[in-house]
Amino acid sequence: ASPTDLVKIRLQTGGNAPRYKGTFDAFRAIVKEGGVIGLWKGWAPNCQRAAIVCLGDLTTYDTAKQAILRNTGLEDTAIVHALASGISGLVSAVLGAPADVMKTRMMNQPYENGVGTTYSSTMDCLSKTVKAEGIPALWKGFVPTWTRMAPWSLTFWLVYEEIRVRAGVGNF
């Protein structure tokens, strides 16, 4: 998602005094400030967040699905897939929200000579955030994060299961 995620975050965090006139102005200003390489500021926490979110979604879906099948009278249908995907979406949001907060803060921090002036790494950002705001700060924006992830997870798993059935492989 880098560099478009960087541009999105910078545009969204402009507040009442936006830094940029629009998307192309943001791209232009970031390149002017840090060169083309500046477009990849925050790529590491972006990758870390993606890995954590995928870990939560992929590892939880089948576990939730099997638990639902084992503990209810439901058959392996779209209803079970929807329930399991809702659970996996929730888990990925719970796990991913702290990484999302770190990624956003690191991408939005001021830079001098290509180096962030507020945070030196994801761990530095994490420790400063917890120290200054407490552990609940790691889940700021949780509800919007989950409402974004839940439909994606639902769509992905329902389509995935249907493709497997139509391909003759059977359900996951």
Side-chain angles (χ1 to χ4, degrees), residues 1-64 67 84-157 160:
S2 291
T4 54
D5 205 34
L6 173 67
V7 170
K8 176 193 75 144
I9 284 170
R10 297 264 182 103
L11 285 168
Q12 287 177 334
T13 57
N16 291 332
R19 294 187 266 185
Y20 312 108
K21 295 175 188 159
T23 304
F24 294 110
D25 184 49
F27 273 109
R28 183 198 52 74
I30 292 168
V31 169
K32 184 178 178 184
E33 174 188 294
V36 172
I37 196 113
L39 291 169
W40 277 267
K41 285 183 175 120
W43 70 268
N46 203 9
C47 290
Q48 292 163 346
R49 179 210 166 270
I52 291 168
V53 166
C54 288
L55 173 88
D57 196 39
L58 296 173
T59 60
T60 305
Y61 176 77
D62 191 52
T63 303
S85 70
I87 293 166
S88 68
L90 176 62
V91 169
S92 65
V94 168
L95 294 176
D100 216 8
V101 170
M102 300 305 103
K103 173 194 73 134
T104 300
R105 290 178 182 213
M106 291 188 67
M107 286 181 161
N108 200 39
Q109 72 178 318
Y111 286 83
E112 282 184 20
N113 300 321
V115 178
T117 61
T118 309
Y119 311 109
S120 60
S121 67
T122 306
M123 291 308 293
D124 181 50
C125 182
L126 176 68
S127 66
K128 286 179 178 176
T129 300
V130 169
K131 187 176 180 180
E133 302 171 52
I135 291 175
L138 300 177
W139 284 273
K140 283 185 175 179
F142 173 78
V143 172
T145 297
W146 188 34
T147 57
R148 182 186 77 226
M149 288 180 175
W152 183 92
S153 186
L154 175 73
T155 303
F156 174 80
W157 289 113
Y160 177 77

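Count residues from 1 along the sequence.
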Return the [atom1] to [atom2] distance between [X] and [Y], rounded to the nearest 0.5 Å.
X: Leu90; Y: Leu95; atom1: CG; atom2: CG; answer: 9.5 Å
X: Leu58; Y: Thr63; atom1: CG; atom2: OG1; answer: 11.0 Å
X: Ser85; Y: Tyr160; atom1: OG; atom2: OH; answer: 14.0 Å
X: Met102; Y: Thr122; atom1: CE; atom2: OG1; answer: 8.5 Å

Open item on the list: My understanding is that only one of Asp57, Thr59, Thr60 makes a side chain to side chain donor-acceptor pair (under 3.5 Å) with Ser88; could you say which?
Closed with: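 That would be Asp57; it is the only one of Asp57, Thr59, Thr60 passing the side chain to side chain donor-acceptor pair (under 3.5 Å) with Ser88.
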TODO: Quickly, which of Arg49, Arg10, Lys103 forms a side chain to side chain donor-acceptor pair (under 3.5 Å) with Asp5? Name it, please.
DONE: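 Of Arg49, Arg10, Lys103, side chain to side chain donor-acceptor pair (under 3.5 Å) with Asp5 is met by Lys103 alone.
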Task: Results of ring pair (Phe, Tyr, Trp, His ring centres under 6.0 Å) for Trp40 - residues two or more places apart only - done: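 Partners of Trp40 under the ring pair (Phe, Tyr, Trp, His ring centres under 6.0 Å) test: none.
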Open item on the list: Test: salt bridge (charged side-chain N to carboxylate O under 4.0 Å, His left out). Region: residues 106-124. Which pairs qualify, not counting sequence neighbours?
Closed with: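 Residue pairs passing salt bridge (charged side-chain N to carboxylate O under 4.0 Å, His left out), neighbours aside: Asp124-Lys128.
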Which atom pairs, one a donor and one an acceptor, fall under 3.5 Å between side chains of residues 129-141 and the rest of the protein, sequence neighbours left out?
{"unit_1": "Thr129", "atom_1": "OG1", "unit_2": "Arg105", "atom_2": "NH1", "d": "3.2"}
{"unit_1": "Thr129", "atom_1": "OG1", "unit_2": "Cys125", "atom_2": "O", "d": "2.7"}
{"unit_1": "Glu133", "atom_1": "OE1", "unit_2": "Arg105", "atom_2": "NH2", "d": "3.1"}
{"unit_1": "Glu133", "atom_1": "OE1", "unit_2": "Lys140", "atom_2": "NZ", "d": "2.6"}
{"unit_1": "Glu133", "atom_1": "OE2", "unit_2": "Arg105", "atom_2": "NH1", "d": "2.6"}
{"unit_1": "Glu133", "atom_1": "OE2", "unit_2": "Arg105", "atom_2": "NH2", "d": "3.2"}
{"unit_1": "Trp139", "atom_1": "NE1", "unit_2": "Val94", "atom_2": "O", "d": "2.9"}

Under 4.5 Å between any side-chain heavy atoms of [X] and [Y], yes or no?
X: Pro3; Y: Phe27; result: yes
X: Val31; Y: Arg28; result: no
X: Gln12; Y: Thr104; result: no
X: Ile30; Y: Tyr20; result: yes
X: Leu11; Y: Lys8; result: no

Please report the closest heavy-atom contact between [X] and [Y], naming both atoms and the distance.
X: Val53; Y: Gly96; result: CG2-CA, 3.8 Å
X: Gly56; Y: Val91; result: O-CG1, 4.0 Å
X: Ala93; Y: Thr145; result: CB-CG2, 4.4 Å
X: Ser153; Y: Gly89; result: OG-N, 3.8 Å

Open item on the list: Applying side chain to side chain donor-acceptor pair (under 3.5 Å), can you list everything that pairs with Ser92, at least two apart in sequence or on another chain?
Closed with: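 Side chain to side chain donor-acceptor pair (under 3.5 Å) check on Ser92 returns nothing, list empty.
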- [ ] Name all residues meeting the side chain to side chain contact (heavy atoms under 4.5 Å, CB included) criterion together with Gln109; count only those two or more places apart in sequence or in a different chain, and write none if there are none.
- [x]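 Partners of Gln109 under the side chain to side chain contact (heavy atoms under 4.5 Å, CB included) test: Met106, Tyr111, Thr118, Tyr119.
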- [ ] List in chain and number order the residues that pass salt bridge (charged side-chain N to carboxylate O under 4.0 Å, His left out) with Lys41, two or more places apart in sequence or in another chain; answer none if no residue qualifies.
- [x]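 Checked Lys41 against salt bridge (charged side-chain N to carboxylate O under 4.0 Å, His left out); matches are Glu33.
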